[in-house]
Structure formats: C-alpha cells, structure tokens
Amino acid sequence: MIAWTAMTSRTAEVVICGAGIAGIAAAFHLTRQGVSDVVLVDERPPLSLTSDKSTECYRNLWPGPGDALVAAMNRSIDLLEELARESGNVFRMNRRGYLFASADPARAARFIESAHEAAALGSGPARIHASASSDYRPAPPEGFDDQPTGVDVITDRALIRKHFPYLAEDTVALFHGRRCGWFSGQQLGMYMLERAREKGVRLVSGRVEAIATAGGRVSGVRVNGTTLATPRVVNAAGPFLARLGRLLGVELPVFCEQHAKIAFADTLGAMPREAPLLIWTDPVRVAWTEDERAALATTRPDLLEELPTGAHGRPEGAGDSPIVLLLWTYHLDPVEPVFPMTFDSAYTELVIRGITPMVPAFGRYADRLPRAVVDGGYYTKTRENRFLAGPLPVDGAYVCGALGGYGLMAGNVAGELVASHVTGRPLPSYAPAFTLARYDDPAYRALLERWGESGQL
Ligand SMILES: Cc1cc2nc3c(=O)[nH]c(=O)nc-3n(C[C@H](O)[C@H](O)[C@H](O)COP(=O)(O)OP(=O)(O)OC[C@H]3O[C@@H](n4cnc5c(N)ncnc54)[C@H](O)[C@@H]3O)c2cc1C
C-alpha cells in the first residue's frame, strides 16, 4: 500500500516529476545534500512504469569514447554498495558478474582486446586464462565484498567446462566482467524512497500538467489542477521525458525503444541457480524444423533470418526459486511510448530458442513451451546512449533521465549529479558528459558522427 502525501502545503523548494528510480534517486540525493523540502509527483505508484520491468543488473563495463561513463558507473556502484552495507543488503546485491560467451574462435582475441580496453577505461584489470591450470576465481552466488574487479577472459576449453559445464560444448571463449551482478530494484527504490521521506520528501499522486515560468525561470508546477509554487523542477518522467520537456518549451534529444523479457519457472533446471548473467555474443539463426520454416516463410519471414547477438538471461529469486529471466531484443526501431504495451506473440518461443545455442538444456522447452510472463518497457535514450543529468535551458529546470537500459544501476549517480547541480556542490570530472549542454559543443557534435558502440544490452 503506497502512502501518498496530501497536497496540503502548496510550495516546495524542488518538485520532481516522476517517481521511477531516477526521480527517487534525485529526491534521495537532494536530502543527502541538505534539501528536504521536495515534492515527488507521480500519476502512478512509485517504480511501476519502467523501473519494475528491469533485469536489475549492473556493470562497470562501458565503451568510450573517454572514461566518463565508466567513472560515473563506478561511482553509482560505490553508492549502491554503500546503501547495501548500511541497509544490511535489503536489496540483495550480488557480484556474480556478466559472463559473455562465444563459440566463435575469432571472438577470443576480441574478448582479450576488450578486456584491455576496459582496464584502460577504469573498469579494473584484465586477467587472461589460457590454460587449464590458470588461477581463475569463480564468483560466489551471494554478497559483493572482497571480489575482484576488471575482467577474466577464459580461452581454455577445459577451464570453461570445469566452471561452466552447462554452456554449449562448442563454447571457446568467455569474458567474465567482475564488478557486475544484480539486485532487487524494487527493494533498492523503496529503501531510498523511505529514507527520503523520513527526511521530509512528500510523495504526491497526480499528473504534472503544466510548468509555469516567470521572468524566464520556473515558478510553479500544476498537478491535477492545483499549482505548487516552486523555483525548481526536475524532469524525471522516464519514457515521457520529451513530453515533459515540451511543457518547458525544451526539445530533449531522446527517443524510446521497446524491450521485453520473459520470466518462467525453469522446472527442467536448464540454468543453474548460481549462474552469473549469461550473454551469448554470436548471431543466431534459429534451428527451425523444415515444417516450421515453411510456415514462417509466409507469416514471419523476419524470424528465418540471422538474428542479432545478445540473447541473455539469469536466475531470479532467492532460496529454492525456480524462476529464470530471459531477454533477446531482435528488433530495435524507435517507437512512441504507448501503455499498456503489447509484445510479439512469438517472443517467448524466440527468446528460448535464442538462448539455446548458449545453454543447450533450454532446447528441451522448444516442443513444450513453458507458461511465461512477458513484460517490458521502454529504453529512453539519447542517440549515443548517455544519460541526461543536469540543468535545462530554463532557469530552475533540470533533467534526470534518458537512462536507457541501465537506469537501475545508474540511477544513483544520475540523482547525485542532479542534486549537486541544484545545490551548487562541486561537480565531478564526468559531470559535463551528462549535461544537455554537451550538444552545444561542436567538438562533441563531431564526435557523435563517428561514435562507436553504445554498450547496450
Ligand atoms: C526489459 C528491460 C530490462 C532492463 N534491464 C535493466 C538492467 O538490467 N539494469 C538496469 O540498470 N536497467 C535496466 N533497464 C532500464 C531501467 O529499467 C530504466 O532505465 C529505468 O527504470 C528508468 O527509470 P526512470 O525513473 O527514468 O523511468 P520510469 O521508471 O518510467 O519512471 C518515470 C515515472 O514518471 C512518471 N511520469 C511521467 N510523466 C508524468 C507526468 N506528466 N505526471 C506525473 N508522473 C509522470 C511515470 O508515471 C513514471 O512512474 C531495463 C529496462 C527494461 C525495459
């Protein structure tokens, strides 16, 4: 049961629109920086639009250019670890890692190169394990303390089979990112929301309909017909970031992509409960039977083509939970955010077939599909997939969003950055990389034209 606050007081020092992880993190960090007269407005229950649809994983492995995203993510993970420690790990943060796997012999060299690149960007050291006697240290299933950072690359097939016997026999290379794992996003968000409310943050139910300005600066926010007088507003509206920006006359350079996942009881035990997040890095051509191919040729010819890399999954839940989460995004067109969402009716089958080349035991479900829950949300992104946390070109207006597929892990650093912009605290060196003003820099715009990978999963 959500305890909303009635809008009795009609003023606030800061109004935040959106109680997803971004808005909650902004509120939480404002209180940590001494600002408590904060109203957090949402027309839905907190964390219920995108932030509870996540796979809840985190990683400090991100591509360049530059080290800003790795530095920001390391800071966010520092904050997550601090919160985990102070709360007795109520959100069950682990450090199992991201395990990228390949059956392509050419991929091994690429994994080694990527591990060295990651080390240069600040993710931690590269360790290459090319023989069966190598000192590779597997990750414990629970906890996050005293674990290595950086990346282990395993290219010895005997060592791969020893530690990961459930992966396909033809797996020839693994890339195990170590400052990575997962946690309960809902527990994290509720923990931060409760701490913020204890400090005085008010959670108000309603729709932000208008933002008023006077003399070029924010003066108020209209929520369900009632105006709250405030000199500051934070746009943390998730997939509606652009729509809210327009209330201020600001065009935000963001778009949405639909991403889905399935959850089902892995009654056949295809994925061991202690597995890390498993990601297949090879493109997949689904092994349809002749009859299936003939049927799909007319109904879904797209599914007969080679489909992209990146099918991934992990076990979910503590104790004897049998649940697994699997994801595979094979179409990535920008879309308008529409709710309720609809999903490809073939998704469950596709994602199970997509993960089978990596974990063959999932193939046993192909003839009798499990009853899976399909859900998902929108990745709200800038074109280079770097989030927005900072001031907008209207005095008193800020943005905290465009967190793509990494908002649970980056929510803390984004919220902290916004709070520091509001309070005027010294900003870290990575702050400019996440402001809207970065697009005013001609050198940055030129860089955008030759931007490489975005690091999206
Ligand atoms: C399938 C999937 C897998 C993912 N996996 C991961 C992962 O493994 N790790 C990770 O870190 N991230 C992951 N993400 C991404 C992560 O979930 C998002 O980046 C994050 O939840 C975005 O949070 P947000 O607060 O910006 O948006 P939201 O959670 O959508 O919150 C925005 C809020 O604003 C409110 N709002 C909007 N407009 C108004 C208005 N006018 N008035 C009042 N309220 C308004 C909405 O009601 C909503 O509650 C995943 C996402 C998906 C979809």
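Both backbone and side-chain heavy atoms feed into the values below; hydrogens, waters and symmetry mates do not. Every number for a ligand or one of its atoms is a count from 1 in the order of the listing.
Ile355 pairs in a side chain to side chain contact (heavy atoms under 4.5 Å, CB included) with only one of the listed residues (Leu278, Leu326, Leu327, Leu350), which is Leu326.
Close approach of ligand 1 to Leu403 (heavy-atom distance below 4.0 Å) involves ligand atoms 19 (O). Distances below 4.0 Å separate heavy atoms of Arg44 from the following atoms of ligand 1: 46 (C), 47 (O). Short contacts between ligand 1 and Arg207, defined as distances under 4.0 Å to a heavy atom of the residue, involve ligand atoms 42 (N), 43 (C). Every atom of ligand 1 with a heavy atom of Gly18 under 4.0 Å away is listed here by number and element: 33 (C), 34 (O), 35 (C). Residue contact check: Leu244 has heavy atoms under 4.0 Å from atoms 41 (N) of ligand 1. Each of the atoms 6 (C), 7 (C), 9 (N), 10 (C), 12 (N), 13 (C), 14 (N), 15 (C) of ligand 1 lies under 4.0 Å from some heavy atom of Gly405. Within ligand 1, counting atoms from 1 as listed, the ones closer than 4.0 Å to a heavy atom of Gly404 are 15 (C), 18 (C), 19 (O). Heavy-atom proximity to Gly377, at under 4.0 Å, picks out these atoms of ligand 1: 53 (C).
Proximity of Gly185 to ligand 1 is not established, as no heavy-atom distance is less than 4.0 Å. For Lys53, the heavy-atom gap to ligand 1 drops under 4.0 angstrom. Heavy-atom distances between Tyr406 and ligand 1 reach below 4.0 Å in at least one pair.
Residues that satisfy the side chain to side chain contact (heavy atoms under 4.5 Å, CB included) test with Gln187, not counting sequence neighbours, are Phe91, Ser184.
In this structure, the ring of Trp62 has its center less than 6.0 angstrom from the ring center of Tyr406. Tyr191 has its ring centre no less than 6.0 Å from the ring centre of Phe28. Separation of the Phe264 and Tyr365 ring centroids falls under the 6.0 Å cut-off.
The protein heavy atom nearest to atom 44 (N) of ligand 1 is Glu43 N, 3.3 Å. Remark: minimum distance from atom 5 (N) of ligand 1 to any protein heavy atom is reached at Thr55 N, 3.0 Å. Considering only non-hydrogen protein atoms, atom 41 (N) of ligand 1 sits nearest to Val208 O, 3.2 Å. Nearest protein heavy-atom neighbour of atom 25 (O) of ligand 1: Ala22 N, 3.0 Å. In this structure, atom 31 (O) of ligand 1 lies nearest to the protein heavy atom Gly20 CA, 3.4 Å. Shortest contact from atom 38 (N) of ligand 1 to any protein heavy atom: Ala237 CB, 3.6 Å. At the shortest separation from atom 30 (O) of ligand 1 among protein heavy atoms lies Thr50 OG1, 2.5 Å.
At a 3.5 angstrom cut-off on N or O pairs, Cys57 counts as close to ligand 1. In terms of polar-atom proximity, defined here as any N/O pair under 3.5 Å, Asp42 does make such a contact with ligand 1. Checked against a 3.5 angstrom limit, the closest N/O atoms of Ile21 and ligand 1 fall inside it. Where the criterion is an N or O separation shorter than 3.5 Å, residue side chain and backbone included, Tyr379 fails it with respect to ligand 1.
Summarising the geometry, atom CG belonging to Leu61 is positioned 4.5 Å from atom SG belonging to Cys180; distances are rounded to the nearest 0.5 Å.
Arg179 and Asn74 share a donor-acceptor pair across their side chains, judged by distance under 3.5 Å alone. A donor-acceptor contact closer than 3.5 angstrom links the side chains of Tyr439 and Glu384. Using modelled atom types, one finds no donor on one side chain facing an acceptor on the other under 3.5 Å when comparing Glu416 with Gln33.
In this structure, Arg92 is not positioned above the aromatic face of Phe144 in the sense of NZ or CZ being under 6.0 Å from the six-membered ring centre and within 45° of the axis.
Evaluated by nearest non-hydrogen atom to atom 4 (C) of ligand 1, the leading choice among Ser51, Ser54, Pro46, Gly238 is Ser54. Evaluated by nearest non-hydrogen atom to atom 16 (C) of ligand 1, the leading choice among Gly376, Gly407, Cys400 is Gly407.
At a threshold of 4.5 Å between non-hydrogen side-chain atoms, the residues Phe255 and Lys381 count as touching.
Distance alone, capped at 3.5 Å, is enough to place a donor-acceptor pair between the Asp266 side chain and the Met271 backbone.
With a 4.0 Å heavy-atom cut-off, ligand 1 is reached by the backbone of Glu56 but not by any atom from C-beta on.
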